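So the structure is just underneath, and the comments pick up after that.
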Amino acid sequence: MKKIRVLIIDDERAARSEIRRLLAGYPDIEIAGEAVNVDDALKMIQEQKPELLFLDIQMPEKSGFDLLESLEEVPLVIFTTAYDQYALKAFEVSALDYLVKPIREERFEKAIIQARQRLGKTDPTGQIFVKDRQQYHFIQWSSVHLIESMDNYARIFFGDKNVFLKSSLNQLEEKLNSTIFFRINRAQIINRQYIQTITTMDGRLKITISTGAQLEVSERQSAKFRQWAAGK
DNA sequence: TTGATACAATTAACTCGGGG
DNA sequence: CCCCGAGTTAATTGTATCAA
């Protein structure tokens, strides 16, 4: 069985060893390391590429949220916090799970089971963590149907929401899985899994995505799009 | 020192028309 | 359907500026 590699991030020694102790009962989980602050965690994540984080939210200097925001690829996250669930709800974060300290064993097991399930489902696109105004979002790339350029930023549409990301379309295009995402013109990237209909009006391709939005593919990209669509 | 904002320069992408 | 060229548009990047 493939082991799940986890990283424990907490400024308090006691909290880290508590998680270590709880994890001892799970042979399929391997502790890739411990970090005591966000900067250390950043380094370790880049080196170790853990699949799961146990992340404390409140830490001196930078918070757990700050850490996630600065990551290009965000692993699964189980927040560990002294806040109660209701206080956390205020953040509107939809994490894999929250564990409120002190952590009960049954509760911990539940979280682990969820993590196993999520890791079992292969999600090829991964997720990002974005703050938009007062809201934090975990965004699965697979849930993103449209990305539009807005000045130097990108507006990412997912579900019925959208957020700004401090990144240009070019940068996103490079990093995104090109088998799923396609640049239909210089201002828009679409997720091809959300394409509903493709029509052609005097040579121009028009795509309707599942939100009902009608998008025009530029002439140049139309040619590439045909190739790409044929490629699969 | 950082971060946000503004503007100008660059350049890729765009449209349109004309031919294979 | 595809390619080419000329002229236009706008996304992106770099530089400057100002506030915290």
Side-chain angles (χ1 to χ4, degrees), chain A residues 9 11 35-46 55-74 90-93 125-126 128-139 141 143-158 161-209 211-232:
Chain A
I9 304 160
D11 56 311
V36 299
N37 61 46
V38 168
D39 292 329
D40 285 355
L42 262 176
K43 264 182 233 143
M44 298 190 76
I45 288 169
Q46 268 147 24
L55 179 61
D56 185 21
I57 296 172
Q58 314 86 243
M59 289 183 281
E61 315 257 326
K62 296 175 186 168
S63 75
F65 293 144
D66 295 330
L67 169 68
L68 296 179
E69 272 192 282
S70 62
L71 290 175
E72 274 206 0
E73 305 236 342
V74 180
F91 289 111
E92 290 283 348
V93 186
T125 53
I128 51 169
F129 187 78
V130 184
K131 179 183 180 181
D132 187 62
R133 281 161 238 171
Q134 294 310 305
Q135 288 224 336
Y136 285 100
H137 303 274
F138 276 97
I139 302 174
W141 279 116
S143 75
V144 173
H145 48 258
L146 174 67
I147 306 166
E148 276 183 354
S149 74
M150 291 277 304
D151 300 322
N152 290 349
Y153 301 103
R155 192 184 196 110
I156 298 185
F157 294 81
F158 63 104
K161 301 199 186 80
N162 65 79
V163 297
F164 284 102
L165 188 63
K166 201 169 139 300
S167 174
S168 71
L169 272 200
N170 282 347
Q171 290 169 326
L172 284 174
E173 192 186 9
E174 286 216 357
K175 124 179 188 190
L176 290 174
N177 183 336
S178 62
T179 61
I180 294 171
F181 288 95
F182 187 79
R183 182 90 175 250
I184 56 170
N185 55 47
R186 62 180 167 189
Q188 295 175 315
I189 295 173
I190 61 166
N191 183 332
R192 128 157 129 145
Q193 292 165 334
Y194 290 87
I195 295 174
Q196 280 200 328
T197 59
I198 304 169
T199 55
T200 163
M201 296 262 285
D202 33 42
R204 311 191 117 276
L205 283 180
K206 282 197 174 180
I207 293 176
T208 309
I209 56 176
T211 57
Q214 281 238 343
L215 307 169
E216 289 200 357
V217 185
S218 72
E219 254 181 71
R220 268 172 134 100
Q221 295 307 106
S222 292
K224 287 183 197 161
F225 183 81
R226 287 193 189 90
Q227 286 184 351
W228 184 61
K232 154 53 216 202

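Letters go in sequence order (proteins before strands), and every chain restarts at 1. Since this is a predicted model, take the numbers as computed values, not measurements.
- The NZ atom of A:K131 sits 13 Å away from the P atom of B:dG3 (whole-angstrom rounding).
- Between A:K131 and A:F65 there is no side-chain heavy-atom pair separated by less than 4.5 Å.
- For A:K161, the side-chain hydrogen bond (donor to acceptor under 3.5 Å, both in side chains) test picks out no residue, with sequence neighbours left out.
- Across the protein-nucleic acid pair, A:N185 atom CG and C:dT12 atom P stand 11 Å apart, rounded to whole Å.
- A:F158 is linked by a ring-ring contact (aromatic ring centres under 6.0 Å, His included) to A:H137, counting only residues two or more places apart in sequence or in another chain.
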Sugar-phosphate or base contact per nucleotide [nucleotides 4-11 of chain C; S, B, -; heavy atom under 4.0 Å] | -----BSS

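- Each of A:V36, A:L55, A:D56, A:I57 was checked for a side-chain contact (heavy atoms from CB on, under 4.5 Å) with A:I9, and the lone residue meeting it is A:L55.
- Side-chain atoms of A:H145 and A:I209, non-hydrogen and from C-beta on, do get closer than 4.5 Å to each other.
- Per the geometry, CD belonging to A:E61 stands 14 Å off P belonging to B:dT2, to the nearest Å.
- At least one side-chain nitrogen or oxygen of A:S218 sits closer than 4.0 Å to the OP1 or OP2 atom of B:dC14.
- The backbone N or O of A:M59 sits nowhere less than 3.5 Å from a side-chain atom of A:S63 that would complete a donor-acceptor pair.
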Polar-atom pairs under 3.5 Å, protein N or O versus N or O of nucleotides 18-20 of chain B: list them with distances, or write none.
none

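- We find that CE of A:M150 is positioned 15 Å from C1' of B:dT5, with the value rounded to whole Å.
- Tested against A:K62 for a side-chain contact (heavy atoms from CB on, under 4.5 Å), the candidates A:L67, A:V38, A:L42 yield a single pass: A:V38.
- For A:L172 and C:dT12, the CG to C1' distance is 13 Å, given to the nearest whole Å.
- Between A:I189 atom CD1 and B:dA12 atom C1' the separation is 15 Å, expressed in whole Å.
- Inter-residue side-chain proximity for A:V144 and A:F181 is flagged as met; some heavy-atom pair is nearer than 4.5 Å.
- The side-chain hydrogen bond (donor to acceptor under 3.5 Å, both in side chains) test applied to A:E69 returns no partner, not counting sequence neighbours.
- Under the 4.5 Å side-chain criterion, counting only non-hydrogen atoms from C-beta, A:I147 is in contact with A:L176.
- We find that NZ of A:K166 is positioned 9 Å from C1' of B:dG3, with the value rounded to whole Å.
- Between A:Q188 atom CD and B:dA12 atom C1' there is a gap of 17 Å when expressed in whole angstrom units.
- Between A:I156 and A:V130 the shortest side-chain heavy-atom distance does not fall below 4.5 Å.
- Taking the C1' atoms of five terminal pairs at each end of the helix from B:dT1-C:dA20 to B:dG20-C:dC1, the two resulting helix axes are inclined by 30°, rounded to 10°.
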